[in-house]
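All remarks here apply to the structure that follows.
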Amino acid sequence: MDLLRIIIAILLPPLGVFLQVGFGGAFWLNILLTLCGYIPGIVHAVWVIARR
């Protein structure tokens with residue numbers, strides 16, 4: 001399941017984080033990072049998914 005979440009995180013980073021943690025602080029941080037740049041959003045999403 002983590003592999004699927006990582007693939008989703010690469011395509012749409014906030015969705016991957018949402019599937020992992022829900023509407024928490026990490027989700028809103030990821031939206032902010034994705035708006036600032038797509039790559040920081042991906043890195044954060046993969047980090048959140050791999051950490052848990």
Side-chain angles (χ1 to χ4, degrees):
M1 190 66 177
D2 282 344
L3 181 62
L4 180 63
R5 286 186 184 138
I6 289 174
I7 291 170
I8 291 171
I10 291 170
L11 298 175
L12 192 61
L15 180 60
V17 174
F18 173 74
L19 292 174
Q20 186 70 29
V21 298
F23 284 114
F27 173 74
W28 296 109
L29 177 62
N30 190 268
I31 286 182
L32 180 67
L33 287 171
T34 303
L35 289 175
C36 290
Y38 188 66
I39 299 298
I42 291 174
V43 170
H44 178 257
V46 171
W47 180 73
V48 166
I49 292 169
R51 183 176 55 136
R52 296 185 187 235

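These numbers come from the heavy atoms of this one structure, side chains and all, not from hydrogens, waters or symmetry mates. Owing to the predicted nature of the structure, the values given are computational and were not obtained by experimental measurement. The first residue in the sequence is number 1, and the count goes up from there.
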Parallel under 30°, tilted from 30 to 60°, perpendicular over 60°: which one fits the rings of Trp47 and His44?
tilted
Of all heavy-atom pairs linking Ala9 and Ala45, the shortest is CB-CB, 3.7 Å
Heavy-atom donor-acceptor pair, Asn30 side chain to Val17 backbone, under 3.5 Å:
no
Nearest 0.5 Å, what's the CD1-CD distance between Ile6 and Gln20?
9.0 Å
Supply the atom-to-atom distance Leu19 CG to Phe27 CZ, rounded to the nearest 0.5 angstrom.
10.0 Å
Taking the side chain as every heavy atom from C-beta outward, state whether Trp28 and Pro14 have any atom pair closer than 4.5 Å.
no
For the hydrophobic clusters of this structure (ILVMFWY residues joined by side-chain heavy atoms under 4.5 Å, transitively), does one cluster hold both Val21 and Phe23?
yes
Here the gap from Ile42 atom CD1 to Leu12 atom CG, rounded to the nearest 0.5 Å, amounts to 10.0 Å
CD1 of Ile10 to CZ of Arg5: how many Å apart, nearest 0.5 Å?
14.5 Å
Can you tell me how far the CD1 atom of Ile31 sits from the CZ atom of Phe18, to the nearest 0.5 Å?
10.0 Å
Might you point out which heavy atoms bring Val48 and Ala26 nearest each other, and give the distance in Å?
CG2-CB, 4.4 Å
